[in-house]
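Beneath this line is the structure, given in structure tokens, with notes to follow.
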Amino acid sequence: MGRSVFFAAFQLVRPEISGLVAVVIFIPTLCATGDWSLGLRYALTIVPICMCGFVINAVNDLEKDRQNHPERPLPSGTISPSAAVFLFFVLIAVALTMIKSLIAPQDAFVYLLSLIIMINYDYVVSYFPSAKNFYVATAAAMPIVILSRTAFSLLSHTNVLIAAILYALCMEMLSDIKDMPGDGLTLAKRIGSRRAGQLALGVLTAAAISLFFGSSDWVGRLIAGGFMVLDLGCILLWHRTENPMLVFRMATVQPILGIYYLL
């Protein structure tokens, strides 16, 4: 029983996404400064911030997930809502302690803002469901804003910022299409799943175009060109199956390769 609760809690915090965000901050910071300590401090501090957002989102989405994702830890009963809320408060305490101890005072505001964005997502879902895609896109921009404090000028990486926002917007819309039965009046529900899928894939292609024309070297343009070919495959797959999960999985490779544009 104890082991199953542990693994349920592990699932709740979404370590694969939290870890990826940490890597996105760590590698460019290390490459720009050569400072392992700085890279680790700034990368590890984002992890509990992301995790507490995922946990409280799972708690607030419990009733929706009973319909859309009954296999998840909370709707399946593997872990109780009270245990999840306790974990949420532990993660907030850890996040605030790490911000205080590891982040330079002039950069702490960006981390606190990231924490506020993560834990207030559900208010946007509840009261402004049509805006939640754009809210998630804003959250996706925060790691790049953090990197502008350690690795580069934000102005010089505007194309990457735009691409990250557009990519997050696409992925959130595809997720909304998949979860339409239990969701509120999201943008996908307003315009219909077919149009939402077409819009999402158009946005994904725009992200790749932003990277292509913003790159000054052939490697960056080659990767962006590969993204565009992949996006074309996503578009063709969507028209054949209209299966958001298949398209979603095809597009997940992009943020890993996209780290190149932050170096």
Side-chain angles (χ1 to χ4, degrees), residues 14-32 39 43 46 50 133-134 136-148 150-178 187-188 193-263:
R14 304 291 298 275
E16 71 284 1
I17 299 179
S18 304
L20 178 60
V21 176
V23 169
V24 165
I25 293 173
F26 174 72
I27 293 178
T29 299
L30 178 62
C31 291
I46 202 67
C50 293
N133 304 101
F134 303 98
V136 170
T138 301
M142 295 312 296
I144 298 175
V145 175
I146 290 171
L147 283 171
S148 73
T150 63
F152 50 67
S153 161
L154 193 59
L155 187 63
S156 66
H157 284 67
T158 304
N159 65 309
V160 183
L161 180 66
I162 292 171
I165 290 172
L166 293 176
Y167 177 83
L169 188 59
C170 165
M171 300 302 271
E172 186 67 10
M173 290 184 70
L174 290 174
S175 179
D176 284 350
I177 295 168
K178 178 170 58 71
L187 180 61
S193 61
R194 186 174 183 82
R195 286 184 180 177
Q198 292 169 344
L199 177 60
L201 294 174
V203 166
L204 184 64
T205 304
I209 291 172
S210 173
L211 292 175
F212 183 87
F213 287 104
S215 299
S216 57
D217 62 281
W218 68 270
V219 177
R221 290 186 175 177
L222 181 64
I223 295 173
F227 287 167
M228 284 188 267
V229 172
L230 183 62
D231 296 343
L232 178 60
C234 288
I235 291 170
L236 293 174
L237 182 63
W238 175 257
H239 281 291
R240 281 176 171 266
T241 66
E242 292 196 15
N243 186 334
M245 275 309 297
L246 287 175
V247 176
F248 196 93
R249 287 168 183 159
M250 283 182 66
T252 51
V253 68
Q254 297 195 14
I256 298 172
L257 294 177
I259 294 175
Y260 173 82
Y261 298 97
L262 301 172
L263 302 180

Identify each donor-acceptor pair in which a side-chain atom of residues 218-231 lies under 3.5 Å from a protein atom, sequence neighbours left out, and give them as a table.
residue	atom	partner	partner atom	Å
Arg221	NE	Ser215	O	3.1
Arg221	NH2	Ser215	O	3.3
Asp231	OD1	Gln254	NE2	2.7

Who pairs with Tyr260 by ring-ring contact (aromatic ring centres under 6.0 Å, His included), at least two apart in sequence or on another chain?
none
Give the minimum heavy-atom separation between Ala163 and Ser210, together with the two atoms involved.
N-OG, 4.1 Å
Checking Ile162, Leu154, Ile165 against Ile144 for side-chain contact (heavy atoms from CB on, under 4.5 Å), the one that qualifies is Leu154
Name all residues meeting the side chain to side chain donor-acceptor pair (under 3.5 Å) criterion together with Glu172; count only those two or more places apart in sequence or in a different chain, and write none if there are none.
Tyr121, Lys132
Considering non-hydrogen atoms only, spot the tightest contact between Leu263 and Pro28 and give its length.
CD2-CA, 3.8 Å
I'd like to check the salt bridge (charged side-chain N to carboxylate O under 4.0 Å, His left out) partners of Arg194; sequence neighbours left out, ordered by chain and number.
Glu242
List the steps, then state whether side-chain contact (heavy atoms from CB on, under 4.5 Å) holds for Leu204 with Leu174.
CA-CA 11 Å; Leu204 184 64; Leu174 290 174; over 6 Å; no
When you look at Asn159 and Leu211, which way does the side-chain contact (heavy atoms from CB on, under 4.5 Å) test go after all the steps?
CA-CA 6 Å; Asn159 65 309; Leu211 292 175; 4.2 Å; yes
Partners of Thr150 by side chain to side chain donor-acceptor pair (under 3.5 Å), sequence neighbours excluded?
Thr29
Just wondering, do Val24 and Ile46 contact through their side chains at under 4.5 Å, heavy atoms?
no
For Ile27 and Leu262: C-alpha separation, side-chain torsions, deciding distance, then whether side-chain contact (heavy atoms from CB on, under 4.5 Å) applies.
CA-CA 9 Å; Ile27 293 178; Leu262 301 172; over 6 Å; no
Under 3.5 Å: donor-acceptor pair, side chain of Ser18, backbone of Pro15:
no
What pair of heavy atoms forms the shortest contact from Trp238 to Ile177, and how long is it?
CH2-CD1, 4.0 Å
Heavy atoms only: give me the nearest Thr252-Tyr167 pair and the separation to one decimal.
CA-OH, 3.5 Å
Results of ring-ring contact (aromatic ring centres under 6.0 Å, His included) for Phe26 - residues two or more places apart only
Trp36
When rounded to the nearest 0.5 Å, the distance separating CZ of Arg195 from CE of Met173 is 12.0 Å
Interatomic distance, Tyr261 atom OH to Asp217 atom CG [nearest 0.5 angstrom]:
8.0 Å
Closest non-hydrogen contact found for Ala140 with Ala164 is CB-O, 4.0 Å
Nearest heavy-atom neighbours spanning Ile25 and Leu147
O-CD2, 3.4 Å
Atom CD1 of Ile256 and atom CD1 of Ile259: how far apart are they, to the nearest 0.5 Å?
7.0 Å
Could you give the distance from CE (Met171) to CG (Asp176), rounded to the nearest 0.5 Å?
12.5 Å
